[in-house]
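Input: a single structure, listed below in structure tokens.
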Amino acid sequence: MTPVDPAQTPFRRTDADWWRDAVFYQVYIRSFADGNGDGVGDLAGIRAHLPHLAALGVDALWITPFYPSPMADHGYDVADPRDVEPVFGDLAEFDALLAEAHALGIRVTVDLVPNHSSHQHEWFEAALAAGPGSPERARYLFRDGRGPDGAEPPNNWPSVFGGPAWTRVPDGQWYLHIFAPEQPDLDFTNPEVLADLETTMRFWLDRGVDGFRIDVAHGMAKPEGLPDMEPMEDTGLLDDHGPGDHRFDNDGVHEVHRRIRAVLDEYPGTMAVGEVWVSDDDRLAQYLRPDELQLAFNFKLLTADWDVDELRDAVVHSLATVAGTPAPACWVLSNHDRPRHVTRYGGGEVGTRRARAAALLQLALPGAAYLYNGDELGMPDVDLPDEALQDPIWERSGHTERGRDACRIPVPWSGTAPSYGFSSRAETWLPMPEGWGPLTAAAQEDDPGSVLSLYRAALALRRTSPAFAGEGLDWVPAPDGCLAFRRPGGLVCLLNLSGAPVPLPEGRVLLASADTADGLLPDDAAVWLHA
Ligand code: GLC
């Protein structure tokens, strides 16, 4: 292991709250860049593109799971949380990446997947071998079935990916998997399970990582007795179904977060952000209490349509959530589980125009922001043919849900034909479309009107301009169909969804997502001013 020398990094490793206004960049590792020519992204690919990330101006990375995995859920089925999947590299490659990122002033956070393991984790293999009632089974949620011969699942819970959340093993018992059958849920009432999570955290923290993104952070606790949940039509796809859904947001989960936080507190300057699909402001705020998570993703902006009321509501609720907590808000427009915002906002030129405006909204808001790889290029979703689909959702839904592959297409770097510099080979794990030459980072680099140039300018301003000082915001009057707010440092952000151009407010224009030369802000555009 390469020890990280704090004196070598251009930031202080112990700065306690660097994350409060940081811009994080989500690397979906399979799709970011392929360093070894197998058509799948990897750690070497990330290393090779660190200069792009430094020039973009991000503060930190979140790298999605790169641990040994049979890839039933593309890495979110972890067979060994303390090693590197050979497809992605090895520990030495990870250490080199970490050191190089730190040398460029970029912090590195990694995914922690506590709720479940892979069915190929040695614990689950031991649980199957050991049989009912064994301590090996007690690390997971094995139960006897209901009905004659226990042939019915122990309760009515559905899997998020379709079908029942239970699978029967040859000796007749059933095990719980909120996600795919290859992702058995761990039992967090078992002290061994929590102790092992701490060991995993320390393993990566000791190597020098700066924090974690916590997968399904509202999932680890299950209610006593595993009672039936309220039957619901839509039970899946990473949404919040409220208190009748017993699979998530049980109070016991907070004890797990307190333990996670206690470990982080031993490593000054580290943090965790939770994937918490809980839409009630007060319940979500509980995850942000002083001894729990530092950040929780704001999924209201991620799920909002291009609608002025929805966008305003997303901001208002997210700020209300954090108001009584020590946490800042944490804004996200896209990730590897949801349609990309270019597509969500209508796709094509319209979608891109709106995505440019949304970027200025996201980056003007007080708090932390997460970009998803390709956001900075204006990447859209890609409709794939049936035979190319890989997400387990496609099979498990009986081919009724296409799943999340459309937002996971590899990033185009250069050139005019697939794989656009993503890999040394043309075929990639998800196919890349024709016609993406203009979307590549290389094509956008020197074009001042490109999405990439907009992001670079926005991140540079955010980092250097005094207009961004202070954490709060005040709404200011704006024409119908527009949103406008002012930050304490003097930043004014105006977003126009009114259908017509509107006059620019007072102030010096810092940056705009569209041309404002005539003193007007066009429809579907946003502007930053210093007033
Ligand atoms: C999270 C991840 C998602 C994964 C699921 C199960 O929601 O973001 O990609 O499928 O957890 O681990």
Side-chain angles (χ1 to χ4, degrees), residues 24 26-32 41 62-79 81 85 109-121 124 140 157-163 165 176-186 188 197 200 212-220 222 235-241 245 247-249 253 256 272-279 287 293 295-299 302-303 330 332-340 370 372-373 381 389-397 401-409 429-430:
F24 290 80
Q26 177 189 356
V27 175
Y28 187 70
I29 187 162
R30 298 180 69 81
S31 301
F32 182 68
W62 150 31
I63 308 175
T64 60
F66 50 84
Y67 318 118
S69 166
M71 300 288 161
D73 189 21
H74 293 127
Y76 282 99
D77 47 322
V78 180
E85 161 65 37
T109 68
V110 300
D111 230 302
L112 200 62
V113 188
N115 182 68
H116 43 266
S117 75
S118 161
H119 68 311
Q120 286 181 22
H121 190 290
F124 194 72
Y140 293 90
W157 295 4
S159 150
V160 165
F161 291 161
L176 179 70
H177 52 87
I178 298 293
F179 294 88
E182 297 87 351
Q183 294 167 295
D185 280 52
L186 288 152
F188 270 84
L197 180 66
T200 298
F212 300 98
R213 176 266 189 185
I214 301 178
D215 189 65
V216 198
H218 56 325
M220 289 84 89
K222 309 295 186 292
T235 50
L237 307 199
L238 314 170
D239 220 333
D240 173 26
H241 310 102
D245 183 346
R247 299 170 300 173
F248 298 112
D249 193 32
V253 80
V256 179
V273 59
E275 183 205 25
V276 186
W277 284 97
V278 170
S279 53
Y287 291 80
L293 292 163
L295 296 173
F297 290 120
N298 151 25
F299 288 135
L302 179 76
T303 51
C330 176
V332 40
L333 290 172
S334 282
N335 69 20
H336 65 295
D337 290 327
R338 286 278 171 170
R340 285 180 174 274
Y370 275 76
Y372 175 41
N373 57 204
D381 277 13
L389 295 179
Q390 305 233 4
D391 188 343
I393 289 175
W394 173 240
E395 286 303 325
R396 288 197 52 82
S397 69
E401 301 276 353
R402 300 190 73 73
R404 302 159 291 177
D405 295 315
C407 69
R408 297 176 173 179
I409 307 300
W429 76 282
L430 291 172

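All ligand and atom numbering here is 1-based and tracks the order in the structure.
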>> Under 4.0 Å, counting heavy atoms only: does Q183 come that close to any atom of ligand 1?
In response: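 Contact present.
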> Mind checking whether H177 has a heavy atom under 4.0 Å from ligand 1?
Replying inline: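 Contact absent.
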Where ligand 1 meets [X] - atom numbers and elements under 4.0 angstrom, heavy-atom basis:
{"X": "F161", "value": "10 (O)"}
{"X": "H116", "value": "6 (C), 12 (O)"}
{"X": "R408", "value": "9 (O)"}
{"X": "D73", "value": "4 (C), 5 (C), 6 (C), 10 (O), 12 (O)"}
{"X": "R404", "value": "3 (C), 4 (C), 9 (O), 10 (O)"}
{"X": "D337", "value": "2 (C), 3 (C), 7 (O), 8 (O), 9 (O)"}

> What distance do N115 atom CG and Y76 atom OH have between them, rounded to the nearest 0.5 Å?
Replying inline: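 Between N115 CG and Y76 OH, I get 13.0 Å after rounding to 0.5 Å.
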> For the residue pair Y28 and Y372, does the interplanar ring angle fall in the parallel (under 30°), tilted (30 to 60°) or perpendicular (over 60°) class?
Replying inline: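 Ring orientation, 0 to 90° scale: perpendicular.
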> Under 30°, 30 to 60°, or over 60°: which ring-plane class applies to Y370 and W62, parallel, tilted or perpendicular?
Replying inline: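 If you compare the ring of Y370 with that of W62, the planes turn out perpendicular.
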> Who are the side-chain hydrogen bond (donor to acceptor under 3.5 Å, both in side chains) partners of H177, not counting sequence neighbours?
Replying inline: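 For H177, the residues satisfying side-chain hydrogen bond (donor to acceptor under 3.5 Å, both in side chains) (neighbours in sequence not counted) are T167.
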Checking contacts here: is it the side chain or the backbone of [X] that comes within 4.0 Å of ligand 1, counting heavy atoms only? Could be both or neither.
{"X": "Q26", "value": "neither"}
{"X": "W277", "value": "neither"}
{"X": "H336", "value": "side chain"}

> Quick one: does NZ or CZ of R247 land under 6.0 Å from the six-membered ring centre of W157, within 45 degrees of the ring axis?
Replying inline: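 Checked: cation-pi criterion not met.
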> With a 4.5 Å limit on heavy-atom distance, are the side chains of D405 and W394 in contact?
Replying inline: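 In short, these two side chains do not touch, never coming nearer than 4.5 Å.
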> Under the side chain to side chain contact (heavy atoms under 4.5 Å, CB included) test, which residues partner D249, sequence neighbours left out?
Replying inline: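 Scan of D249 (side chain to side chain contact (heavy atoms under 4.5 Å, CB included), adjacent residues dropped) gives V278, R283, Y287.
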> If every non-hydrogen atom of L430 is compared with every non-hydrogen atom of R408, which pair is closest and at what distance?
Replying inline: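 The answer is CD1-O, 3.6 Å.
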